[in-house]
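A quick note: this is a predicted structure, and the numbers were derived from the prediction, not measured.
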Amino acid sequence: MLNNQQADFVRKQEIIDKLTAEQWVIMLNDFLHNYKLHIDWQLSLKKKTAYARNSFFISLMVALFLGFNYSWWAMLYVLPTFIWYAVRLYKEKDTLIYKIIPIPDLENRIIEAFIPLFQLLSQDLDAKTLVDAKLSLKRYNSHDNKYHTSNPNDSKYNINKHFYSSSYLSVRTRFPDKSKIFFSITQKTQEQIKTRKYGKYKRKTKEKSTTIYTVKMEFNQEKYTSAPQQANVSTHKFPIFVLKRKENGLEKSISPILEMIAEGYRKVKPL
């Protein structure tokens with residue numbers, strides 16, 4: 001079962017905390033384990049109530065048949081299943097406050113992206129270094145992520161365009177060399193829905209998505225200076241470098257982040 005903090009993660013569909021990388025790994029594994037148990041518990045409650053309801057209605061039909069053809073005392077046979085069904089409804093109502101709405105793709109996000117990220121950070125950071133992170137559990141096209149809607153004119157179709165921007169994750173921490181780093185993954189999606197104005201109903205949905213990786217690094221000036229080949233690069237100003245990369249589609253891989261961090265270190269040289 002989920003504890004209060006974990007249930008709050010599910011309700012808000014985001015995880016915000018400041019922990020060491022190792023604590024993040026432990027917390028995410030514990031959260032995922034309890035989430036699965038909680039979903040199984042909900043399904044078990046639902047199945048038990050459905051079984052009690054079906055048993056009650058079947059016994060009611062049988063009792064009515066016997067009552068019409070033999071004796072109305074047969075209605076007493078309904079009493080046990082009615083009581084059972086009533087108890088199941090009461091228990092389900094009593095546990096309503098503990099129920100959660102399952103989040104699509106939650107397990108994949110945690111297993112494929114979030115946990116591997118913090119496992120890597122735990123190898124590179126000092127054991128006591130805190131990682132300030134915000135992890136989104138929302139679907140990329142959830143209502144909260146919509147920031148614009150347009151309705152272009154068209155003679156044949158009703159066209160609705162929806163624009164979404166989802167901050168997949170953002171992380172801020174400090175490396176052992178005292179250099180500060182911030183990185184984020186943002187998913188942008190344009191959804192177009194076309195329906196015919198006249199004639200046979202026809203609907204077309206088209207999506208175009210882009211994943212934006214951002215890395216901001218502020219190097220420790222006591223340990224680094226700008227590499228000679230970077231001296232005249234106007235887009236970067238030592239000790240701060242901002243790197244961005246775009247990928248087509250909804251990417252979840254953290255590999256581009258690692259490559260961009262390595263690229264940032266190539267822009268400086270040790271003193």
Side-chain angles (χ1 to χ4, degrees), residues 1-53 87-123 125 127 129-146 164-173 183-189 207 209 211 213 249-255 257-258:
M1 293 285 290
L2 295 170
N3 59 36
N4 291 336
Q5 183 190 37
Q6 293 168 341
D8 196 47
F9 292 158
V10 176
R11 282 192 293 269
K12 294 180 179 178
Q13 295 192 21
E14 64 181 10
I15 302 174
I16 303 175
D17 215 330
K18 195 172 184 178
L19 307 167
T20 66
E22 188 174 349
Q23 288 172 336
W24 269 108
V25 173
I26 294 171
M27 185 269 282
L28 289 172
N29 276 312
D30 185 54
F31 169 57
L32 184 58
H33 174 72
N34 290 343
Y35 174 81
K36 291 178 180 178
L37 291 178
H38 204 105
I39 295 299
D40 289 343
W41 168 74
Q42 286 189 179
L43 289 174
S44 175
L45 281 181
K46 189 175 181 180
K47 287 179 180 178
K48 288 178 181 178
T49 302
Y51 186 62
R53 181 183 63 245
V87 169
R88 290 306 318 164
L89 287 176
Y90 176 79
K91 286 186 176 181
E92 192 161 325
K93 182 181 178 182
D94 196 42
T95 57
L96 192 61
I97 59 172
Y98 302 109
K99 287 193 174 181
I100 60 172
I101 299 175
I103 300 175
D105 202 38
L106 180 143
E107 292 183 34
N108 290 336
R109 287 191 182 207
I110 292 178
I111 293 173
E112 296 176 9
F114 298 158
I115 289 178
L117 169 64
F118 291 108
Q119 286 175 333
L120 284 171
L121 289 176
S122 68
Q123 298 172 13
L125 301 180
T129 299
L130 295 178
V131 181
D132 189 357
K134 178 180 178 181
L135 313 177
S136 175
L137 305 176
K138 297 177 183 177
R139 281 184 58 82
Y140 67 92
N141 59 352
S142 69
H143 180 74
D144 291 343
N145 291 331
K146 186 188 295 185
Y164 303 89
S165 179
S166 171
S167 178
Y168 190 75
L169 65 82
S170 60
V171 175
R172 190 182 305 273
T173 190
F183 58 85
S184 65
I185 301 176
T186 303
Q187 298 173 333
K188 291 187 176 291
T189 301
E207 288 186 355
S209 300
T211 302
Y213 296 90
L250 297 173
E251 296 293 332
K252 300 176 184 177
S253 172
I254 59 172
S255 297
I257 293 291
L258 304 178

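Side-chain contact check for Thr211 versus Tyr213: some heavy-atom pair is nearer than 4.5 Å. Arg11 places none of its side-chain heavy atoms less than 4.5 Å from the side chain of Ile100. Residues Thr186 and Ser165 are in side-chain contact: their nearest non-hydrogen atoms beyond the backbone lie under 4.5 Å apart. Contact annotation: the side chain of Leu117 never approaches that of Trp24 to less than 4.5 Å [non-hydrogen atoms, C-beta and beyond]. Annotation: side chain of Thr189 is not in contact with side chain of Asn141 (no heavy-atom distance under 4.5 Å). Between Gln119 and Val25, the closest side-chain pair of non-hydrogen atoms falls below 4.5 Å. Side-chain contact between Leu137 and Ile15 is present, with at least one heavy-atom pair separated by less than 4.5 Å. Contact annotation: the side chain of Leu120 approaches that of Ile254 to within less than 4.5 Å [non-hydrogen atoms, C-beta and beyond].
Between the side chains of Gln23 and Thr20, a donor-acceptor pair is found at a separation under 3.5 Å. Under 3.5 Å, the side chains of Tyr140 and Glu207 contain a donor-acceptor pair of N or O atoms.
Looking only at distances, no side-chain donor or acceptor of Arg139 sits under 3.5 Å from a matching main-chain atom of Ile103. With Thr49 contributing its side chain and Leu45 its backbone, the two residues share a donor-acceptor pair below 3.5 Å. In terms of modelled atom types and a separation under 3.5 Å, the side chain of Asn3 and the main chain of Gln6 share a donor-acceptor contact.
Distance check, rounded to the nearest 0.5 Å: CD1 of Ile101 to CD of Gln42 gives 9.5 Å. Note that CZ of Arg53 and CZ of Arg88 are 12.0 Å apart. Values are rounded to the nearest 0.5 Å. Atom OG of Ser170 and atom CD1 of Ile185 lie 10.0 Å apart (nearest 0.5 Å). With rounding to the nearest 0.5 angstrom, the CD1 atom of Ile110 is 5.0 Å from the CG atom of Leu32. Taken to the nearest 0.5 Å, the CG atom of Leu37 stands 12.0 Å off from the OG atom of Ser44. Atom CD1 in Ile39 sits 11.0 Å away from atom NZ in Lys99 (nearest 0.5 Å).
Classification of Lys138 and Asp144 as a salt-bridged pair holds, one side-chain N sitting under 4.0 Å from a carboxylate O. Looking at Asp8 and Lys12, a side-chain N of the basic residue comes within less than 4.0 Å of a carboxylate O on the acidic one, giving a salt bridge.
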>> Run Gln187 and Ser167 through side chain to side chain contact (heavy atoms under 4.5 Å, CB included) and show every step you take.
In response: CA-CA 6 Å; Gln187 298 173 333; Ser167 178; over 6 Å; no
> Can you check side chain to side chain contact (heavy atoms under 4.5 Å, CB included) on Ile257 and Val171, steps first, answer last?
Replying inline: CA-CA 11 Å; Ile257 293 291; Val171 175; over 6 Å; no
>> Evaluate Phe31 against Leu106 for side chain to side chain contact (heavy atoms under 4.5 Å, CB included), listing each step before the verdict.
In response: CA-CA 11 Å; Phe31 169 57; Leu106 180 143; 4.2 Å; yes
> What do the steps show when you test Val10 against Leu2 for side chain to side chain contact (heavy atoms under 4.5 Å, CB included), and what is the final call?
Replying inline: CA-CA 9 Å; Val10 176; Leu2 295 170; 3.9 Å; yes
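Taking the six-membered ring for Trp and the full ring otherwise, Tyr168 and Phe114 have centroids separated by under 6.0 Å.
Here the options are Leu19, Leu125, Asp17, the test is side-chain contact (heavy atoms from CB on, under 4.5 Å), and the partner is Val131; only Leu125 passes.
The aromatic rings of His38 and Trp41 sit perpendicular to each other, their planes meeting at more than 60°, with 30° as the lower class boundary.
Counting non-hydrogen atoms of neighbouring residues, nucleotides and ligands closer than 6.0 angstrom, the CD atom of Gln13 exceeds 12 such neighbours. By the 6.0 Å contact criterion, NZ on Lys134 is open, its count of non-hydrogen atoms from other residues, nucleotides or ligands being 12 or less.
For Phe183, the ring-ring contact (aromatic ring centres under 6.0 Å, His included) test picks out no residue, with sequence neighbours left out.
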